[in-house]
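Below is one structure, written out as structure tokens; comments come after it.
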Amino acid sequence: MKIGFNEGCNRFCEDHSVLKDLELCEKYGFDYIDIQSECLDRDLKAGKFTIEQLGDWFKSHNLTMLSYNALKFFNMKQTQEEKDAVMAELDEIINRCLILDCKMIVVVPSENITVHATRAEIRTDAVAVLKEMVKKVEPHGIKLSIEFCGSPGMTINRFEDAYAIVQEVDSPLVGVTLDQYHFHAMASEWAALEKADGKKIFVWHLNDTEDMPCGAAYNTDEKRLWPGDPRGCLDHKRYADTLKKIGFEGNCCTVEVFRPDYYELTQEENVRTAAEVTRSHVEKYWDQPVASPSLS
């Protein structure tokens, strides 16, 4: 199992830069990185590098870009202008991915929409949008991974809803990002994950979280913890064992936290800690065989 770093972990550390993240991730043994769009846009705007220079860096190093994270708020657009803007953004991201040799785009659902849409209406809309997106990414072999987000205001906020959309789109290029915090925060169903096809889970985001009430307004990304923190409440063994049993083929465990405390670390301290806890997690939970059910 390879290990990956998501820039959500340290995006607000003092003097943060994407290039520094690349160097540090390679230094501390990460195999992959999820580049956060906010970090990339911020550095490009500041003139720290060009997208072509970033692409050249990847060509001469071992670190690989796992995903472009993310195209946000892709669904439930109410005007043609809004819909066209999403597709224009996708075109720009595809161009960047081709330069960066990135084969995955994470897509995040819209939140706090003004229409009172049912789950069925949201599903129908998402399927239609994703099918149009597939037409754009297919010539380049780029995958789309839906990240359901465990917040009440999100249009797609549980695993089973995201997975149903993926099933209906029925494309080898469309799958799900399984973020442990998001799965827990809105009480996604373990039964749905246990019945899923592991090949349709493209990205595995590792984290822990404080034990907050499901759907509470204060149960936000800021409550995330490094995996292994004693304050955490997630059943890490169950996540890992379930992914093994259903045939997860992503071959990467990517750490993603958004905790303000961790932004007070230096960028290097943050990446070093992330590498240590992710490697420890993989050794403890993935490299061990799944226990067989007792027959007694």
Side-chain angles (χ1 to χ4, degrees), residues 34 37 66-78 82-87 89-90 93-94 97 103-138 140-205 214-215 239 242-243 246-250 254 256:
D34 290 333
S37 53
L66 179 65
S67 78
Y68 187 101
N69 195 288
L71 193 167
K72 289 187 173 181
F73 314 140
F74 76 92
N75 63 323
M76 294 304 296
K77 301 304 181 183
Q78 299 304 301
E82 291 173 333
K83 295 174 183 178
D84 291 344
V86 170
M87 292 302 171
E89 183 178 359
L90 177 60
I93 292 173
I94 290 171
C97 286
K103 295 298 185 182
M104 185 101 65
I105 301 169
V106 172
V107 293
V108 173
S110 297
E111 64 177 340
N112 299 325
I113 59 175
T114 56
V115 294
H116 292 191
T118 65
R119 291 167 69 201
E121 289 168 339
I122 291 168
R123 181 182 303 178
T124 297
D125 174 84
V127 168
V129 175
L130 287 164
K131 284 184 175 180
E132 289 302 309
M133 288 182 164
V134 167
K135 295 176 184 177
K136 289 180 175 289
V137 299
E138 192 169 29
H140 311 291
I142 296 174
K143 294 182 177 181
L144 302 169
S145 189
I146 306 172
E147 182 162 11
F148 66 97
C149 297
S151 171
M154 280 287 178
T155 51
I156 306 170
N157 57 18
R158 302 180 82 208
F159 171 79
E160 47 268 34
D161 292 326
Y163 189 74
I165 290 166
V166 167
Q167 286 183 302
E168 192 167 341
V169 174
D170 192 24
S171 167
L173 297 177
V174 178
V176 178
T177 294
L178 175 64
D179 182 294
Q180 294 186 174
Y181 167 80
H182 287 317
F183 188 92
H184 176 79
M186 282 295 292
S188 289
E189 295 180 1
W190 279 101
L193 180 59
E194 289 162 353
K195 291 186 293 186
D197 179 357
K199 298 179 182 63
K200 302 303 292 183
I201 296 175
F202 289 171
V203 181
W204 173 19
H205 280 169
C214 173
Y239 281 106
T242 300
L243 286 170
I246 65 176
F248 172 64
E249 294 182 347
T254 304
E256 184 186 48

[X]: side-chain hydrogen bond (donor to acceptor under 3.5 Å, both in side chains) partners, not counting sequence neighbours:
{"X": "E160", "result": "R158"}
{"X": "S37", "result": "none"}
{"X": "Y163", "result": "none"}
{"X": "D161", "result": "R119"}

Under the salt bridge (Lys or Arg N to Asp or Glu O under 4.0 Å) test, which residues partner [X], sequence neighbours left out?
{"X": "K200", "value": "none"}
{"X": "K136", "value": "D91"}
{"X": "D179", "value": "R224"}

Can you list everything that forms a side-chain contact (heavy atoms from CB on, under 4.5 Å) with [X]? Sequence neighbours excluded, please.
{"X": "S151", "result": "M154"}
{"X": "T124", "result": "none"}
{"X": "T114", "result": "none"}

N/O donor-acceptor pair under 3.5 Å between E121 side chain and T118 backbone:
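The answer is yes, because a donor-acceptor pair under 3.5 Å joins these two groups.
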With a cut-off of 3.5 Å and sequence neighbours excluded, list every side-chain donor-acceptor pair involving residues 186-199.
from : atom 1 : to   : atom 2 : distance (Å)
S188 : OG     : F159 : N      : 2.8
E194 : OE2    : R238 : NH2    : 3.0
D197 : OD1    : K199 : N      : 3.0

What's the verdict on side chain to side chain contact (heavy atoms under 4.5 Å, CB included) for V137 and I94, showing C-alpha distance, side-chain angles and the deciding distance?
CA-CA 7 Å; V137 299; I94 290 171; 3.8 Å; yes
Check residues 140-148 and write down every donor-acceptor pair under 3.5 Å in which the side-chain atom is one partner and the other belongs to a residue at least two apart or another chain.
from : atom 1 : to   : atom 2 : distance (Å)
S145 : OG     : V176 : O      : 3.4
S145 : OG     : T177 : N      : 3.1
S145 : OG     : T177 : OG1    : 2.7
E147 : OE2    : H205 : ND1    : 3.4

